[in-house]
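A quick write-up on the structure given underneath.
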Amino acid sequence: QLVESGGDLVQPGGSLRLSCAASGFSLNNYTVAWFRQAPGKEREALLCILSSGGSTYFADSALGRFTISRDNAKNSAYLQMNSLKPEDTATYYCAARPYYCSRSSTDFDSWGQGTQVTVSS
């Protein structure tokens with residue numbers, strides 16, 4: 001099971017750190033990706049991190065603003081979001097799969113329930 005937390009209402013230009021905590025299994029050998037879905041839009045892959053710590057950006061909108069990290073000792077992964085914009089408003093999900101990263105949501109078996117991020121003044 002994956003559980004996201006850290007979503008909130010934040011003003012434009014603000015920052016948030018989302019957490020993804022795993023329970024019932026070890027994330028150590030899994031890749032973890034962050035997706036988001038805004039109302040009326042498709043789920044969008046943002047970034048992915050390998051078990052080794054290497055990361056991949058899938059969304060141009062995340063470049064220079066979002067960073068993915070993980071702490072295997074805490075069985076958790078994180079999404080640091082800076083310089084938030086109103087268009088970042090969405091439900092954010094973490095997902096895990098073994099071995100390699102993917103931008104396709106259908107490649108992931110384990111999902112969290114999502115955490116809401118609202119960027120508004």
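Computation of the quantities below employed the complete heavy-atom set of this structure, encompassing side-chain atoms and omitting hydrogens, waters and symmetry-equivalent molecules.
Distance check: Asp107 CG to Cys101 SG gives 11.0 Å after rounding to the nearest 0.5 Å. With rounding to the nearest 0.5 angstrom, the CZ atom of Arg43 is 6.5 Å from the OG atom of Ser105. Separation of atoms OG1 (Thr89) and CZ (Arg36) is listed at 9.0 Å; rounding is to 0.5 Å. Interatomic distance, NZ of Lys41 versus CD of Glu87, reported as 8.5 Å (0.5 Å rounding).
Between Phe58 and Phe35, the gap from one ring centroid to the other reaches at least 6.0 Å.
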Report the C-alpha separation of Ser120 and Leu9 in whole Å, then their side-chain angles, then the decisive distance to 0.1 Å, and conclude whether the side chain to side chain contact (heavy atoms under 4.5 Å, CB included) test is met.
-> CA-CA 7 Å; Ser120 175; Leu9 170 64; 4.1 Å; yes
Determine, stepwise, if the pair Lys85 / Arg65 fulfils side chain to side chain contact (heavy atoms under 4.5 Å, CB included).
-> CA-CA 10 Å; Lys85 305 174 182 179; Arg65 299 190 302 129; 3.8 Å; yes
Under the side chain to side chain contact (heavy atoms under 4.5 Å, CB included) criterion, do Ser76 and Ser19 qualify, and how do the steps go?
-> CA-CA 7 Å; Ser76 295; Ser19 298; 5.9 Å; no
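Counting non-hydrogen atoms of neighbouring residues, nucleotides and ligands closer than 6.0 angstrom, the CD atom of Glu42 reaches no more than 12 such neighbours.
Taking all atoms of both residues into account, the shortest heavy-atom contact from Ser15 to Ser83 is OG-N, 4.3 Å. When all heavy atoms are compared, the tightest approach of Gly114 to Glu4 is N-OE1, 2.8 Å.
Between the Arg70 side chain and the Asn75 main chain, no donor and acceptor come within less than 3.5 Å of each other.
Residue Tyr92 is found in a hydrophobic cluster whose other members, listed by chain and number, are Leu2, Val10, Leu16, Leu18, Phe25, Leu27, Tyr30, Val32, Trp34, Leu46, Leu47, Ile49, Tyr57, Leu63, Phe66, Ile68, Leu79, Met81, Leu84, Val117, Val119; membership requires side-chain heavy atoms under 4.5 Å apart, directly or through intermediates.
Figure legend: cation-pi geometry between Arg97 and Tyr99 absent, as NZ or CZ is not positioned both under 6.0 Å from the six-membered ring centre and within 45° of its axis.
Sorted by first and then second residue, the side chain to side chain donor-acceptor pair (under 3.5 Å) pairs involving residues 109-118 (not counting sequence neighbours) are Thr91-Gln116, Gln116-Thr118.
A 4.5 Å side-chain heavy-atom check between Pro86 and Pro12 finds at least one atom pair inside the cut-off. Contact of the Val3 side chain with the Cys20 side chain is not registered, since no non-hydrogen atoms from C-beta on lie closer than 4.5 Å.
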